Chemist: 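Okay, handing you the structure first.
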Protein chains: 2
Amino acid sequence: MNDKLYQIGQLAKMAGTNVDTLRYYETAGLVNATRRSASGYRLYSEQDAQRLYFLLHAKKVGFSLKEIKQLLGLRLHKDEHTCEEVKHYTGAKISEIEAKIADLEKIKQALESLHMACCGGGESAENCSILSTLEDPDTFKHTSDK
Amino acid sequence: MNDKLYQIGQLAKMAGTNVDTLRYYETAGLVNATRRSASGYRLYSEQDAQRLYFLLHAKKVGFSLKEIKQLLGLRLHKDEHTCEEVKHYTGAKISEIEAKIADLEKIKQALESLHMACCGGGESAENCSILSTLEDPDTFKHTSDK
DNA sequence: ATAAACCCTTAAGTAGGCTCTAGGGTCAAG
DNA sequence: CTTGACCCTAGAGCCTACTTAAGGGTTTAT
C-alpha cells in the first residue's frame with residue numbers, strides 16, 4: 001500500500017523546501033532516498049518523507065542538523081549498554097525540550113501582553129516594550145545550559 | 001537602586017556566553033551597554049542584561065538574530081498605524097510560537113516513548129526508532145510556515 | 001612599578017547550512 | 001524528434017553568527 005514514491009521536486013514542494021536543500025541533506029547523511037530510478041533519479045518513500053518532516057520541524061525549534069541526525073539515528077538495540085545510553089540521551093533531550101517550551105511560553109506571554117495593550121486601552125503607550133511586559137525581571141535569568 | 005553596572009566579562013559569565021559574542025551583539029545592534037567608563041569600558045545595566053537574557057533564550061528556540069532584533073524593537077507608539085502593525089506582528093509571532101510549542105510537544109512525546117520502551121519491557125527492541133514512535137504518520141506533515 | 005587580569009578596536013577567519021552555476025542527461029507532450 | 005520541465009554531479013559561492021588575531025590601553029594586587 002504505502003509504496004508511493006516521490007521525485008525530489010515533488011517532495012520538495014510537499015515539504016515546503018527545495019531540491020538543493022534535499023540534495024544537501026543527502027550529502028549530510030540526514031535524508032536519503034530509498035532508491036534511485038534506472039536513470040538515477042532519487043525516489044523517496046513515505047518514510048523518507050517522514051524523516052524530512054521531522055527534520056524540518058526539529059530545525060524550526062532550534063535543533064542543529066547534527067542534533068537532528070542523532071535524534072533520527074536513535075534506535076534501541078538489545079545491547080544493554082547502548083540501551084542505557086539511549087535512556088540517558090533521551091532523558092537529557094526531554095529536559096532540554098521542556099526548557100525550550102518554558103522559554104516559548106514566556107516569550108508568548110510577553111507578546112500577548114503587548115498584543116493586548118496595543119490599541120486596547122491605549123493609555124500606557126509609552127514605555128511598553130517586550131521587556132517591560134515581563135513582570136518579573138528575573139524571568140530570563142541564565143539557567144545552566146550547555 | 002537598580003543602578004548596578006557590569007563589565008563585559010562579568011555579564012558574559014552571568015549569561016553563560018563570552019565577551020566576543022557580546023561585542024558582536026553590539027555591532028549587530030542587539031545589546032548595547034548603557035554607558036562607557038572613562039577609559040572606554042562597556043558598562044551594562046540590569047536592563048541591558050535582561051535584553052541579553054531574552055536574546056539568548058529566543059535564540060535557543062530557533063529565532064534568528066534578525067527576528068530577535070525585531071522582537072526587542074517592538075514598542076507601542078501613539079501612532080495608530082504603527083499600533084496596527086504591532087498588533088499584526090505580535091499576532092503572527094504568537095501563532096508561530098504556538099506552532100513551535102506543538103512541534104516540541106510532538107518531539108517530546110516521541111522521545112518519551114523511546115525513553116520508556118528502553119530497558120523497560122525490553123521486548124520490542126527492534127524497529128524502535130524515533131519515527132516509529134510517532135503513531136500517526138502524518139504527525140509531521142508540512143503545515144504552512146514562513 | 002610591574003605582573004596578571006582585565007578592557008579596547010579593527011579586521012580577518014571559520015563553521016554551519018544552504019544556494020547557485022555549469023554542463024549535461026531524461027521524459028512526456030505535441 | 002524537438003521543446004519544456006524535470007533530473008544528475010561537482011564545485012564554487014554566500015549568509016549568519018560567531019571566533020581569532022594583532023596591537024595596545026587600564027586596573028588591581030603585591
Side-chain angles (χ1 to χ4, degrees), chain A residues 4-45 48-49 51-73 142 145-146, chain B residues 4-45 48-49 51-73 142 145-146:
Chain A
K4 206 192 292 182
L5 294 175
Y6 308 101
Q7 283 196 340
I8 196 168
Q10 291 178 288
L11 180 57
K13 184 168 268 179
M14 282 160 55
T17 182
N18 68 72
V19 297
D20 293 307
T21 302
L22 292 192
R23 285 195 272 254
Y24 171 71
Y25 287 157
E26 183 177 287
T27 68
L30 285 159
V31 180
N32 284 95
T34 28
R35 58 190 210 78
R36 294 286 185 119
S37 74
S39 49
Y41 288 18
R42 288 170 181 80
L43 296 173
Y44 294 91
S45 68
D48 300 333
R51 265 181 93 86
L52 177 60
Y53 297 144
F54 181 88
L55 149 34
L56 294 174
H57 283 271
K59 205 163 67 64
K60 254 174 46 183
V61 294
F63 288 109
S64 68
L65 295 187
K66 196 171 164 188
E67 288 175 295
I68 295 169
K69 189 171 183 176
Q70 291 181 322
L71 287 169
L72 283 168
H142 175 61
D145 42 55
K146 196 318 235 352
Chain B
K4 205 191 294 181
L5 295 175
Y6 308 101
Q7 284 194 341
I8 196 167
Q10 291 178 288
L11 181 57
K13 185 167 268 180
M14 283 160 55
T17 182
N18 68 73
V19 297
D20 296 305
T21 302
L22 292 192
R23 286 196 271 255
Y24 171 72
Y25 287 157
E26 183 178 286
T27 68
L30 285 158
V31 180
N32 285 95
T34 28
R35 58 190 211 78
R36 294 286 185 119
S37 74
S39 49
Y41 287 19
R42 289 170 181 79
L43 296 173
Y44 293 91
S45 67
D48 300 333
R51 265 181 91 85
L52 177 61
Y53 297 144
F54 181 88
L55 148 36
L56 294 174
H57 283 271
K59 205 163 67 66
K60 253 176 44 185
V61 294
F63 288 110
S64 67
L65 294 188
K66 195 172 163 187
E67 289 175 295
I68 295 170
K69 188 170 182 177
Q70 291 181 321
L71 286 170
L72 283 168
H142 174 60
D145 44 54
K146 203 302 187 48

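Numbered from 1 within each chain, the chains take letters A, B, ... in sequence-line order. None of the values given here were measured: they were computed from a predicted structure.
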Chemist: Take B:Ser37 and B:Phe63, find for each the nucleotide of DNA chain D with the closest heavy atom, and name the residue whose nucleotide sits nearer the 5' end.
Modeler: B:Phe63
Chemist: Nearest 0.5 Å, please: how far is CZ in B:Phe63 from NZ in A:Lys60?
Modeler: 10.5 Å
Chemist: Just to verify, what does B:Lys59 make a side-chain contact (heavy atoms from CB on, under 4.5 Å) with, not counting sequence neighbours?
Modeler: B:Tyr25, B:Leu55, B:Leu56, B:Leu65, B:Ile68
Chemist: Excluding sequence neighbours, so at least two apart, what forms side chain to side chain donor-acceptor pair (under 3.5 Å) with A:Gln10?
Modeler: none
Chemist: Rounded to whole angstroms, how far apart are CG on A:Leu22 and P on C:dT19?
Modeler: 11 Å
Chemist: How long is the straight-line distance from CG of A:Leu11 back to CG of A:Asn18, given to the nearest 0.5 Å?
Modeler: 11.0 Å
Chemist: Grab the CD1-C1' distance between A:Ile8 and C:dC27 for me, whole Å please.
Modeler: 17 Å
Chemist: Pairs under 3.5 angstrom, nitrogen or oxygen only, protein versus nucleotides 20-25 of chain C, please.
Modeler:
from, atom 1, to, atom 2, distance (Å)
C:dG25, N2, A:Tyr41, OH, 2.8

Chemist: What is the distance from CG of B:Asn18 to P of C:dC8, rounded to the nearest Å?
Modeler: 13 Å
Chemist: With heavy-atom distances below 4.5 Å as the criterion, would you say the side chains of A:Tyr44 and A:Leu22 are in contact?
Modeler: yes
Chemist: Would you kindly compare A:Leu55 and B:Gln7 by the position of their nearest DNA chain C nucleotide and give the one closer to the 5′ end?
Modeler: B:Gln7
Chemist: Can you name the salt bridge (Lys or Arg N to Asp or Glu O under 4.0 Å) partners of A:Glu26, sequence neighbours left out?
Modeler: A:Arg36, A:Arg42
Chemist: So does B:Arg42 get a side-chain nitrogen or oxygen closer than 4.0 Å to the phosphate oxygens (OP1/OP2) of C:dC6?
Modeler: no
Chemist: Looking at OG of A:Ser64 and CD of A:Gln70, how far apart are the two atoms once the value is rounded to the nearest 0.5 Å?
Modeler: 7.5 Å
Chemist: Determine to 10° how strongly the helix from C:dA1-D:dT30 to C:dG30-D:dC1 is bent, judged from the axes of its five-pair ends.
Modeler: 10°
Chemist: Where along residues 23-34 of chain A does a heavy atom come under 4.0 Å from DNA chain C, residue by residue in number order?
Modeler: A:Tyr24, A:Tyr25
Chemist: Which heavy atom of A:Thr34 sits nearest to which heavy atom of A:Leu5, and what is that distance?
Modeler: OG1-CD2, 4.3 Å
Chemist: So, using side chain to side chain donor-acceptor pair (under 3.5 Å) as the criterion, who are the partners of B:Tyr24 when residues are at least two apart?
Modeler: none
Chemist: OP1 or OP2 of C:dC27 sitting under 4.0 Å from any side-chain N/O of A:Ser39?
Modeler: yes
Chemist: Show your working on side chain to side chain contact (heavy atoms under 4.5 Å, CB included) between B:Met14 and B:Leu52 and close with a plain yes or no.
Modeler: CA-CA 10 Å; B:Met14 283 160 55; B:Leu52 177 61; over 6 Å; no
Chemist: CG of B:Leu71 to CG of B:Leu30: how many Å apart, nearest 0.5 Å?
Modeler: 11.0 Å
Chemist: Could you tell me the boundaries of the chain B footprint on DNA chain D, defined by atoms under 4.0 Å from its heavy atoms?
Modeler: D:dA17 to D:dT27
Chemist: Partners of B:Thr27 by side chain to side chain donor-acceptor pair (under 3.5 Å), sequence neighbours excluded?
Modeler: none
Chemist: With B:Thr17, which residues qualify under side chain to side chain donor-acceptor pair (under 3.5 Å), at least two apart?
Modeler: none
